[in-house]
2 protein chains.
Amino acid sequence: MTTKSERTQQRIIDAANQLFYRKGYNRTSFTDVVDEAEVPRGNIYYYFKTKEEMLRAVIKHRMETTTLMLSEWEKSIKNPLDRLERFVQIMYDSTPALLRSGCPMGSLNVELAKDQPELKSDAKQLFDLFQQWLAKQFAQMGYPEEARELSLELLARGQGIIVIAQVYQDPGFLERGTKEINRWLENLDRYA
Amino acid sequence: MTTKSERTQQRIIDAANQLFYRKGYNRTSFTDVVDEAEVPRGNIYYYFKTKEEMLRAVIKHRMETTTLMLSEWEKSIKNPLDRLERFVQIMYDSTPALLRSGCPMGSLNVELAKDQPELKSDAKQLFDLFQQWLAKQFAQMGYPEEARELSLELLARGQGIIVIAQVYQDPGFLERGTKEINRWLENLDRYA
DNA sequence: TCGTGGTTTGGATTATAGTCCTAAATTTTC
DNA sequence: GAAAATTTAGGACTATAATCCAAACCACGA
């Protein structure tokens with residue numbers, strides 16, 4: 001059972017998570033978070049002394065939900081190809097959000113890579129998490145040597161497609177892009 | 001011959017251009033620009049009343065230098081394949097800057113796409129400029145129908161590679177990525 | 001019941017950002 | 001070379017951000 005205080009903290013994290021995604025980390029103010037979470041102004045400092053602390057909590061939260069998601073995929077999907085395609089599918093499923101705010105992981109990293117090295121290294125963990133999971137799938141598919149490189153290539157393809165789809169507000173590009181990735185994955189699987 | 005005032009304005013634009021790239025638009029303050037350009041605090045407002053105006057001037061400046069660069073490539077390089085590969089080469093040549101601050105065009109668009117729609121549409125022009133030039137080359141190469149799609153795909157590949165190379169601080173990934181793009185372009189050319 | 005630690009408030013405080021103003025200096029124009 | 005326009009210069013002003021504080025509140029065990 002969760003205490004009221006825990007629930008408040010979670011509300012703050014959820015609000016910050018959303019705002020950091022929609023507005024970016026630097027353009028999100030404490031006031032924004034306080035309003036969104038419906039927490040009285042001063043109270044937020046009881047939970048997070050600084051904005052950086054808040055970001056770390058948000059990243060931790062994303063790490064947890066992502067870890068859960070990936071392990072569920074691993075449990076419910078037996079075939080590595082299908083798992084990789086499941087990954088591609090969340091891209092497609094998230095079209096509206098991606099067109100509006102870009103990739104939550106990519107845009108955060110791009111933002112923090114500018115001049116905020118400590119925070120950047122925190123955000124990078126999110127990439128690591130996906131990268132390692134993807135590499136595992138490629139390895140199981142029959143590419144143990146190339147697994148890391150293939151996982152990076154898959155991530156790069158995803159990032160590129162999302163950036164362009166967002167710039168041109170073009171859901172079709174995202175759709176064609178994900179289909180093309182699937183073709184590539186299926187070929188890899190076939191000739192493994 | 002340029003007047004002193006014109007040179008001052010240019011110094012401001014250059015300083016802002018660099019800072020927007022290195023620190024991002026939102027995290028760059030007037031104070032930063034003033035310091036970098038070595039212009040007295042109040043003077044900058046004689047040239048740019050608002051920060052947005054300054055960004056627009058920076059984008060205009062980038063548009064001009066890019067236009068010049070592309071038209072010079074067009075003049076000095078006859079073959080569309082070679083022109084496309086010249087484009088890929090600036091990516092490779094810019095490795096240190098890309099690892100530090102990402103793609104100047106991509107990161108600006110990603111930043112402004114969050115919640116700053118008017119500025120975003122200005123930044124998009126930079127993509128349009130490259131996109132149209134690239135499409136022209138693909139058309140000349142023998143793909144008039146697919147030119148736009150191919151140009152978007154080339155841009156997407158570039159963006160993806162840069163993001164991943166930056167996240168992992170991996171110049172090798174950038175090098176392998178650009179080589180792979182060249183292979184792709186050469187195949188397109190061969191079977192046009 | 002009381003008190004003590006955790007929690008809640010809202011406003012106060014400080015820093016920084018963006019913007020404006022006005023007077024002096026300089027350049028341009030006649 | 002004087003008047004007019006442009007440019008310089010530094011500080012003042014306002015808004016907004018992050019952060020802090022101290023009093024009030026509440027829950028629960030002694």
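Letters A, B, ... are given to chains in the order of the sequence lines, protein chains preceding strands, and every chain is numbered from 1. Below, all heavy atoms of this structure are taken into account, side chains as well, without hydrogens, waters or symmetry copies.
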- Query: For B:F48 and C:dC20, what is the distance between atoms CZ and P respectively, to the nearest whole Å?
  - Reply: 15 Å
- Gap between atoms CD1 and P, on B:I44 and D:dT7 respectively (whole Å): 15 Å
- Ion pair present between B:R183 and B:E180, side-chain N to carboxylate O less than 4.0 angstrom? yes
- Message: Nearest whole Å is fine: how far is C:dG10 P from A:Y45 OH?
- Response: 15 Å
- The nucleotide from D:dA17, C:dT8, D:dT8 with an atom nearest the side chain of A:S29 is D:dA17
- Message: I need the CD-P distance between B:E38 and D:dT7, as an integer number of Å.
- Response: 21 Å
- Under 4.0 Å between any heavy atoms, over every strand shown, what does B:Y47 touch: base, sugar-phosphate, or nothing? Just pick one. sugar-phosphate
- Rounded interatomic separation in angstrom, taking CG from A:L19 and P from D:dA17: 12 Å
- Query: If you count the non-hydrogen atoms of other residues, nucleotides and ligands that lie under 6.0 Å from OH in B:Y168, is the total more than 12?
  - Reply: yes
- Nearest-nucleotide comparison on DNA chain C, the residue closer to the 5′ end among A:G42 and A:Y46: A:Y46
- Item | Worked check of side-chain contact (heavy atoms from CB on, under 4.5 Å) between A:R11 and A:Y47 | CA-CA 11 Å; A:R11 255 208 340 281; A:Y47 293 100; over 6 Å; no
- Task: May I ask you to check whether A:Y45 and A:F30 place their ring centers less than 6.0 Å from one another?
- Result: yes
- Gap between atoms CD and C1', on A:Q9 and C:dT7 respectively (whole Å): 12 Å
- Message: So, does A:T50 get its side chain near the phosphate of D:dT19, meaning an N or O under 4.0 Å from OP1 or OP2?
- Response: no
- Item | A:F30 CZ - C:dT16 P separation (whole Å) | 16 Å
- Mapping A:P40 and B:N43 to their closest nucleotides on DNA chain C, which lands nearer the 5' end? A:P40
- Message: Against the six-membered ring of A:Y21, is B:K114 placed for a cation-pi contact (under 6.0 Å from the centre, within 45° of the normal)?
- Response: no
- Message: Counting only side-chain nitrogens and oxygens, does B:T31 get under 4.0 Å of the OP1 or OP2 atom of C:dG18?
- Response: no
- Message: Could you tell me how far apart B:R27 (CZ) and C:dG18 (P) are, to the nearest whole angstrom?
- Response: 12 Å
